[in-house]
Amino acid sequence: MMAVAQLDKTPRKTCFVTIGATASFNALLEAVLTREVLEALHALDYTDLLLQYGKEGASILDNFQKSQDHVSEVIPKINITGFDFNKQGLGQEMRAAKGENGDLEGVVISHAVLKGTGSILDALRISVPLIVVPNSTLLDNHQVELAEELAKQHYVVHGSLEWVIETILASLIVLILWTAIYQQRSGSLKSLGSDRNLGPPAIGATIPLARA
């Protein structure tokens, strides 16, 4: 009798990085696609790194895959994929990071945009742990102030480009304390709007340091 190949049912754990559809945020993509960050993700049992890289990010992913940083004992164990944008929205990617259908809960790393597709509110609505990294290169923007305020209100982890690794590690705090905080607070997120479908808040933290 011919043996039937068994499907791989190992739970996936996804880190989803989104920079939106309009402004480029190449610095965030380059910071995530480093040996240090990928090894940190592997150490935290992540299996997938999914990048929504916008209109200019394809070359960044391609250059990384051709670089020496891609040659590592642990990096090939992480499935690294990317796409420019999905006009249908990023709900599927957000849910993958949430860990639906038997997968493990991961994290979303997002630019600091409150509304719109792939925004902070999209992640908060499904209660996925969220790291917000402001794009400080934009003129006349308030991303830093928004990230700081949401962190103070314990909705997100406020990250910075200089400390991406430490911010990812800080997301573990989100996972550990998520249930405890939800029991203490209302899930209405009234300070962000009256949408009753919004989920429980994350743990706020600010990582204002710089790597030596």
### Task
Take Thr14 and Asp103, measure what side chain to side chain contact (heavy atoms under 4.5 Å, CB included) needs, and give me the verdict at the end.
CA-CA 9 Å; Thr14 299; Asp103 287 329; over 6 Å; no
### Task
Evaluate side chain to side chain contact (heavy atoms under 4.5 Å, CB included) for Leu61 paired with Leu33, printing each intermediate quantity in order.
CA-CA 8 Å; Leu61 177 57; Leu33 287 173; 4.1 Å; yes
### Task
In sequence, state the C-alpha distance, the side-chain angles, and the governing distance for Phe83 and Leu50, and then conclude on side chain to side chain contact (heavy atoms under 4.5 Å, CB included).
CA-CA 8 Å; Phe83 61 99; Leu50 178 58; 3.9 Å; yes
### Query
Between Leu38 and Ile80, does a side chain to side chain contact (heavy atoms under 4.5 Å, CB included) hold up when you go through it step by step?
CA-CA 10 Å; Leu38 293 171; Ile80 305 174; 3.9 Å; yes
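In the hydrophobic cluster analysis, where Ile, Leu, Val, Met, Phe, Trp and Tyr join through side-chain heavy atoms closer than 4.5 angstrom, Val108 is grouped together with Leu146.
A distance of 6.5 Å separates CD of Glu100 from CD1 of Ile126, quoted to the nearest 0.5 Å. We find the OG1-CG distance between Thr81 and Leu49 to be 7.5 Å, quoted to the nearest 0.5 Å. The CG atom of Asp62 sits 9.5 Å away from the OH atom of Tyr53 when rounded to the nearest 0.5 Å. Taken to the nearest 0.5 Å, the CG atom of Asn63 stands 12.0 Å off from the CG atom of Leu29. Distance CD1/Ile60 to OG/Ser67: 12.0 Å, rounded to 0.5 Å. Atom OG1 of Thr18 is separated from atom CD of Glu93 by 8.5 Å, given to the nearest 0.5 angstrom.
Formation of a donor-acceptor pair under 3.5 Å by the Gln52 side chain with backbone atoms of Phe85 is not found in this model. The closest donor-acceptor contact from the side chain of Lys98 to the backbone of Ser127 lies under 3.5 Å.
With sequence neighbours left out, Glu149 forms a side chain to side chain donor-acceptor pair (under 3.5 Å) with Gln153. By the side chain to side chain donor-acceptor pair (under 3.5 Å) test, Asp84 is found to be paired with no residue, residues two or more places apart in sequence or in another chain being considered. Residues passing the salt bridge (Lys or Arg N to Asp or Glu O under 4.0 Å) test with Asp48 are Arg12, sequence neighbours excluded.
A 4.5 Å side-chain heavy-atom check between Glu30 and Thr34 finds every atom pair outside the cut-off. Between Glu105 and Pro129 there is a side-chain heavy-atom pair separated by less than 4.5 Å. You'll find the side chain of Leu90 stays beyond 4.5 Å of the side chain of Asp122, heavy atoms only.
Among Ile131, Leu44, Val107, the one residue that satisfies the side chain to side chain contact (heavy atoms under 4.5 Å, CB included) test with Cys15 is Val107.
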